[in-house]
Amino acid sequence: MSQLSQPVIEEFKADFPGSVILPDDMQYEETRQIWNAMIDRRPSMIARCTSSSEVAQSLNFVRRHDLPFSVRGGGHNIAGNAVCNDGVMIDLSLMKKVLIDQKRHLGFVEPGCTLADFDASAQAHGLATPLGINSTTGVAGLTLGGGFGWLSRRYGMTVDNLLGMDVIIADGRQLHASESENPDLFWGLRGGGGNFGIVTSFEYQLHSVGPNVLCGLIAFPFDQAKSIITQFARFTETMPDDLNVWMIARKAPPLPFLPETVHGKEIIALAICYAGDPTEGEKHIEPLREFGTAYGEHIGVQPYTDWQRAFDPLLSSGARNYWKSHNFSRIDDGPIDAIIDSAGVLPSSQCEIFIATVGGQTGRVKPEAMAYSNRDANYVINVHARWETAADDERCIVWAREFFTRSQPYASNGAYINFLTEDETNRIAFAYGASYERLVELKKKFDPDNLFRINQNILSN
Ligand SMILES: Cc1cc2nc3c(=O)[nH]c(=O)nc-3n(C[C@H](O)[C@H](O)[C@H](O)COP(=O)(O)OP(=O)(O)OC[C@H]3O[C@@H](n4cnc5c(N)ncnc54)[C@H](O)[C@@H]3O)c2cc1C
């Protein structure tokens, strides 16, 4: 692997129309930062691309000089794969065009878009596709790993709504991948992450959503946790696809609908979103209010784009974060007791354990249909350790690992590739499950030298 010398940098700069940021430049510190402050890597050069030809130029350059490189979309990956030490960061975050074909319900999205960028454009036409729950997340990384959020029970994983992609592969060719063009590559890109190339455009199927939806939060006292989580687990097994409910165990943030005396105390919160007619939704959410005696609730009809931003203040960039997650097909006493024990000893006010409910339409797609294959994952439980200073690293990480180990015996197969941390490279094959062998074959075909390796890497040898 060669190093990036000054003449080599000058050679690149001479031809590259986009901006090039070097360690001595004013914008360097800000541009190399990603969401998770645990990741502190220093690339030798950042190539800020504004078009697919600049992406191709950057890729040709790193290949020609045998340089390590990373690809940055929204920079939210917990493992920090958007940034590398010493090599080149190919930064796509300025590529933010979104084109909506209102008539055909299609969205064409560039890879620097955040969920907020995409949602805002689609919702201007009353349209949306399933994305995640934090609006500053990148569309690109989320999609390439699978993608799920409030609309997934109704409309499936993000990848289930992906119709095509423009991608630059390892040998520099620009290909279109869809069911009819390069279908094997299309299969691999729908879950295979950044392993096969750099995607410069995504085409999505859109659906009529909102623009106003019934959504919000109910917060219950922690001493009702066992009963609330058990009822949540049974309720979510049979609720309609239009409804999604997630459970969050954490300390109460200072939300205006909660009495001040509750702020900072452990709570069990249910986060609710109904994708269909709000009046119909009211009937379906009523039983949730009967789960216990709530501290308070804030539920109403509001713009879908506002709900997509509702958790942003709790998930801002710049904190230190460590995650561990398992898939579950059913939630019984084992994981519930583990949640209650771990959430009773939260090591910081920002730590939480949540149950993301998936199921519905996500489970009706055949596991072999695409690289994302964990179709029996009705729930994803993520233990999210989050704190501010390095002095708390060990305490918080140990807490997350203990929960992970304790809940492991009850987990189902596979794991969500987008939730794997830096130290979980030994879980990649397990995460992909039945798809892994075919992914290895595809990697041999499209990237035999493992050019794209700073990612959840599918080893081809
Ligand atoms: C606060 C928070 C909330 C989240 N909530 C959800 C959620 O609700 N649902 C969900 O499904 N996930 C969620 N995620 C996980 C999220 O899907 C992943 O972190 C994902 O990797 C983010 O994509 P990104 O573009 O922001 O990341 P980046 O770090 O920029 O990229 C992630 C990976 O994708 C590769 N990549 C990025 N762009 C391209 C491209 N154009 N072509 C090829 N490879 C590329 C990168 O090289 C890297 O390996 C959340 C993450 C965070 C931090």
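Note that the structure is a prediction, hence the values are computed from the model and not measured. Remember, it's 1-based here, ligands and their atoms both numbered in the order they're listed.
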Looking at [X], which atoms of ligand 1 are within less than 4.0 Å of one of its heavy atoms?
X	value
Gly197	42 (N), 43 (C)
Leu92	40 (C), 41 (N)
Asn134	1 (C), 2 (C), 3 (C)
Asn455	49 (O)
Phe419	12 (N), 13 (C), 14 (N), 15 (C)
Val71	39 (C), 45 (C), 46 (C), 47 (O)
Phe148	7 (C), 8 (O), 9 (N), 10 (C), 11 (O)
Gly132	7 (C), 8 (O), 9 (N)

Review point. Heavy atoms only: which of Ile198, Asn457, Ile133, Leu315 is nearest to atom 5 (N) of ligand 1?
Key: Ile133

Study note, to complete from the structure: Tested for side chain to side chain contact (heavy atoms under 4.5 Å, CB included) against Tyr322, the lone hit among Asp423, Asp393, Asn36, Val383 is Asp423

What's the spacing between [X] [atom1] and [Y] [atom2] if we round to 0.5 Å?
X	Y	atom1	atom2	answer
Asn244	Ile272	CG	CD1	10.5 Å
Met247	Ile268	CE	CD1	5.5 Å
Gln308	Thr114	CD	OG1	10.5 Å

So, is [X] polar-close to ligand 1, with some N/O to N/O distance under 3.5 Å?
X	value
Gly141	yes
Asn418	yes
Phe202	no
Gly74	yes

Review point. Where is the nearest protein heavy atom to atom 27 (O) of ligand 1: which residue, which atom, and how far?
Key: His76 N, 3.3 Å

Using a 4.0 Å heavy-atom threshold (strictly under), name the region of [X] that reaches ligand 1: side chain, backbone, both or neither.
X	answer
Leu144	side chain
Trp323	side chain
Tyr416	side chain

Please tell me whether [X] and [Y] form a close aromatic pair, meaning their ring centres lie under 6.0 Å apart.
X	Y	value
Phe69	Phe61	no
Tyr274	His284	yes
Phe108	Tyr204	no

Review point. Going by distance alone, is a donor N or O of one side chain under 3.5 Å from an acceptor N or O of the other, for Asp376 and Asn413?
Key: no

Exercise for review: Count the heavy atoms belonging to other residues, nucleotides or ligands that lie under 6.0 Å from NE2 of His207, then report whether that count exceeds 12.
Suggested key: yes

**Study point:** Heavy atoms of other groups near Glu368 CD, more than 12 under 6.0 Å
**Key:** yes

Exercise for review: Answer yes or no for Arg401 and Phe403: cation-pi contact, defined as NZ/CZ to six-membered ring centre under 6.0 Å and angle to ring axis within 45°.
Suggested key: no

